[in-house]
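What follows is a single structure, written as structure tokens, with notes after it.
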Amino acid sequence: ITAYHPDGSSRLAASGLVGPTGMVLDCAGRLLYVAVTGSILKYDAAGNSSVLVNGLNGPGGLALDAHDNLFVATKGDGTIRKYDAAGHGLSFATGLQFDVSYLTFDRSGNLYASTTHSVKKYDEKGVASQFYPPAAPAQNYTCGVAFDCSGRLFVSLQNAGSIIGLNGGGIIPPVTPLNFFPGGIVLEEANEHLYAACGTTLNRYDTNGTGHVFASGFSSARYLALSS
């Protein structure tokens, strides 16, 4: 895992990971949670790691709620679980039929899960509803999900090579039609930039959709986490 500053400078944040499939930072930017094969690792600000949870069946998407409870989507059994800071967990939602690799929360505490061809919305009790598209699952591969400060949800569509803004948003065009298969996305708190992991590059966009390659040379960049 590589950490980048706004000026483009970088440092190594973690190495030696086996099959990382998701990550998220807490609100203070002090704790980093990373999903690896069968486990969730927790890193403190000094880079020290510990195992928070073991024995998971294909952990993928991660998200933290306003109380720093960690939500983990496990692909192997189609379940979203909720864990406290000590690693005590319970089932939050079950019966997910598609690969869930990305999670995010809105400011009302609803959880959104990208499930290959759609985005599901879960209330605080784990009751699900279809959010995008409104009816049948789409043909596009829905990947990264992230909210801006106005409550607009952005979704990356990997095979379409685009990022759409829902709730009154438009489409953010790619920097170039080539090498643009967006996965994870994050938005800066001030809504000044959107970052998209695009395989071999990390792209940055302004509010008008104008973008450029922020960093490159990755083998398969898919997951992002932003420190506030």
Side-chain angles (χ1 to χ4, degrees), residues 1-5 9-94 96 98-105 111-116 122 126 143-146 156 182-187 189 195-200 202 215 217-228:
I1 297 174
T2 304
Y4 286 89
H5 298 284
S9 60
S10 64
R11 63 175 177 84
L12 183 65
S15 62
L17 300 173
V18 179
T21 54
M23 60 181 176
V24 66
L25 275 160
D26 70 354
C27 293
R30 292 192 299 263
L31 294 176
L32 172 67
Y33 298 90
V34 182
V36 296
T37 303
S39 305
I40 304 297
L41 303 180
K42 181 171 68 173
Y43 289 83
D44 63 20
N48 302 309
S49 66
S50 59
V51 176
L52 179 70
V53 184
N54 249 330
L56 298 177
N57 191 354
L62 303 180
L64 287 163
D65 66 11
H67 306 290
D68 279 340
N69 294 305
L70 180 66
F71 288 70
V72 180
T74 50
K75 308 172 188 179
D77 55 10
T79 299
I80 299 175
R81 292 179 172 82
K82 175 182 176 181
Y83 293 91
D84 63 18
H88 302 131
L90 53 84
S91 177
F92 176 75
T94 60
L96 281 74
F98 299 101
D99 183 5
V100 180
S101 295
Y102 302 92
L103 302 174
T104 193
F105 277 95
L111 177 67
Y112 294 75
S114 175
T115 61
T116 304
Y122 294 87
C143 291
V145 284
S156 65
I185 57 176
V186 291
L187 280 141
E189 185 66 24
Y195 294 84
C198 301
T200 60
L202 172 59
F218 305 104
S219 59
S220 181
R222 290 189 60 195
Y223 306 100
L224 301 175
L226 188 67
S227 176
S228 57

is_close_aromatic(Y102, Y223), centroid dist under 6.0 Å: yes

Between CZ on residue F92 and CD1 on residue I80, distance to nearest 0.5 Å: 7.0 Å

Sequence-distant partners of D68, side chain to side chain donor-acceptor pair (under 3.5 Å), two or more places apart: none

G60 backbone acceptor or donor facing S101 side chain under 3.5 Å: no

With A3 via side chain to side chain contact (heavy atoms under 4.5 Å, CB included) - residues at least two apart: R11, A13

Distance in Å, T104 OG1 paired with L62 CG, rounded so as to fall on 0.5 Å steps: 11.5 Å

Within the 6.0 Å centroid threshold, strictly below: F71 and F105: yes

For the student: nearest non-hydrogen atoms of A63 and L111, plus distance: CB-CD1, 4.3 Å

Got a list of side-chain donor-acceptor pairs under 3.5 Å for residues 33-43, not counting sequence neighbours?
| residue | atom | partner | partner atom | Å |
| --- | --- | --- | --- | --- |
| T37 | OG1 | V18 | O | 3.2 |
| S39 | OG | N54 | OD1 | 2.4 |

G89 to Y83 - nearest heavy-atom pair and separation: CA-CD2, 3.4 Å

Taking every non-hydrogen atom, the tightest pair across L70 and V24: CD1-CG1, 3.8 Å

Rounded distance [0.5 Å steps], NE2 in H88 versus CG in L52: 9.5 Å

Separation of T79 OG1 from N57 CG (nearest 0.5 Å): 8.5 Å

Donor-acceptor contact present, side-chain S156 to main-chain G183, <3.5 Å: yes

Considering all heavy atoms, the nearest V72-L56 contact: CG1-CD1, 4.2 Å

Spacing of CG belonging to L12 relative to OG1 belonging to T2, to within rounding of 0.5 Å: 6.0 Å

Any donor-acceptor pair under 3.5 Å from D26 side chain to L31 backbone: yes

Shortest non-hydrogen separation from V53 to G87 and the atoms involved: CG2-O, 4.2 Å

Minimum heavy-atom distance between S114 and C143, given as atom pair plus value: OG-O, 2.7 Å

Inter-residue atom distance L32.CG - L25.CG, 0.5 Å rounding: 5.0 Å

